[in-house]
Amino acid sequence: MIYSGRVVTTTRLTRRQALISGACFCCVRASAQKRAEGTQAFATEEVAPGIYIRRGLDEDVTARNEDGIANIGFIVGRDAVAVMDPGGSLIDGQRLRAAIRQKTQLPIRYVVMSHVHPDHVFGAPAFQSDKPQFVGHARLPRALAMRADFYTKRLQDTLGKDRAGGIVAPTMLVQDHTEIDLGGRVLALTAHGLAHTDCDLSVLDRNTGTLLAADLLFVKRVPSLDGSLRGWLKELAALKAVTGRRAVPGHGPTGVDWPSGARDLERYLGTLLRETKEAIAKGMDLEAAVGSVAQSERSRWTLFDDYNGHNVTQAFKELEWEQ
Ligand SMILES: [Zn+2]
């Protein structure tokens, strides 16, 4: 296939790899020629005063995009900076750090790691010299430990060892709720129940009413289910009650109105739930369900064909025990 002007090969994961890979890493395309130097522009948008977000590409990881596929950014307070998330690779994290230094010389005191998926956290080593608190959900260390080897190998195979980055263990864990203060700017952190993954952390900037939802919110790019379908719908309903005016999705545009910006995700997850339950009730096997469930959503999302089958598989495994 031709991809961005170069011939690439597509590496399909084994079933086991696909199951443990999580959605943000499902279909890894490895370039025959590792990468072109310095191809990725890094630009941030100020979505609210002092909150800067880089829009991730609506692609799976490739050597060319250097795993710059998630929305990542930083929040500037009076005394300090917090990063949310550190990026998808070492090079992605380094570029984010350089963008921060273009805006401010304030210390980077916190690096929030929203969940286990590598497109959000493999840039963390770029911030180690700042000696920040690396903040994560209480279940993040376990999730990282289970997947570290697989994620690291995959990313190194795609980007090369010197650019891939890796795991940094969290130094500050969030059990339920906590707050961090950047000086005149308090961020409220919430550790969520099983949803997109088992370790989702969201951040609310009370000053501007901005919810940084990470992968609890997908907009336009098809969501990926790596936790619990029922759990995600529950957490999404709770998030809609948050008194934010806007939200920053983990994938898609850098900002949407809130809570109306959750509408498409809620419809997709609701369709996935309803039609998977119907498929199970009809005695359909998994393969047939994958071919039919949520097809009405196909034209509404980018990367639909890369992820919907995985989502149906996850939903099927979750819901078949309820019959
Ligand atoms: Zn994710």
Side-chain angles (χ1 to χ4, degrees), residues 13 17-28 53-61 65 67-73 83-89 92-93 111-124 135-137 139-144 146-148 150-152 154-155 158 165 167 170 190-203 211-229 231-233 235-236 239 247-254 262 264-265 268-269 272 301-304 306-311 313-315:
L13 306 187
Q17 285 171 329
L19 288 174
I20 66 169
S21 69
C24 302
F25 211 59
C26 228
C27 179
V28 180
I53 303 295
R54 186 287 306 274
R55 192 201 193 289
L57 297 170
D58 291 335
E59 299 174 358
D60 280 309
V61 55
N65 67 33
D67 212 15
I69 62 172
N71 292 344
I72 59 173
V83 170
M84 170 80 171
D85 279 316
S89 61
D92 201 32
V111 173
V112 179
M113 301 191 287
S114 67
H115 64 295
V116 67
H117 288 154
D119 53 332
H120 292 259
V121 298
F122 261 57
V135 187
H137 192 295
R139 283 194 292 258
L140 181 62
R142 181 175 171 272
L144 287 171
M146 284 175 66
R147 298 179 176 196
F150 173 75
Y151 283 160
T152 302
R154 273 286 153 188
L155 209 54
T158 307
I167 303 283
T190 300
H192 294 268
L194 211 56
H196 168 64
T197 66
D198 70 352
C199 52
D200 300 305
L201 195 65
S202 69
V203 174
L211 172 68
L212 291 100
D215 279 6
L216 289 166
L217 179 63
F218 283 67
V219 177
K220 296 190 184 343
R221 178 202 189 277
V222 73
S224 59
L225 176 61
D226 192 22
S228 160
L229 178 53
W232 197 346
L233 281 161
E235 293 298 329
L236 195 58
L239 273 177
V248 178
H251 296 272
T254 53
D264 287 351
L265 174 61
Y268 173 83
L269 295 178
L272 185 62
W301 303 93
T302 59
L303 297 179
F304 182 88
D306 289 327
Y307 289 95
N308 188 63
H310 169 84
N311 293 342
T313 303
Q314 293 288 104

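Computed from a prediction, not measured in an experiment: that's the story for all the values here. Excluded from the calculations below are hydrogen atoms, water molecules and symmetry mates; all remaining heavy atoms, backbone and side chain alike, are included. Along the sequence shown, residues carry numbers from 1. Counting convention: from 1, in listed order, for ligands and their atoms alike.
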| side chain to side chain contact (heavy atoms under 4.5 Å, CB included) with D92: which residues, sequence neighbours excluded? |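 By the side chain to side chain contact (heavy atoms under 4.5 Å, CB included) rule, D92 matches F42, R54, I72, S89.
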
| task | With sequence neighbours excluded, tell me which residues meet side chain to side chain contact (heavy atoms under 4.5 Å, CB included) with D198. | result |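 D198 satisfies side chain to side chain contact (heavy atoms under 4.5 Å, CB included) with R139, R142, A143, L194 only.
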
| said: Please give the atom name: the N, O or S atom of H117 nearest to the Zn ion (ligand 1). | reply: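 H117's closest N, O or S atom to the Zn ion (ligand 1) is named ND1.
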
| task | Would you mind naming the N, O or S atom of D215 nearest to the Zn ion (ligand 1)? | result |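 This turns out to be OD2.
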
| task | Quick one: sort the Y151 and F122 rings into parallel, tilted or perpendicular, breaks at 30° and 60°. | result | perpendicular

| Check against side-chain contact (heavy atoms from CB on, under 4.5 Å), D200 and E235 | CA-CA 10 Å; D200 300 305; E235 293 298 329; over 6 Å; no

| Vertex the Zn ion (ligand 1): angle to NE2 of H115 and NE2 of H196, to 10°? | 100°

| Metal check, the Zn ion (ligand 1) vs D119 N/O/S, cut-off below 2.8 Å | no

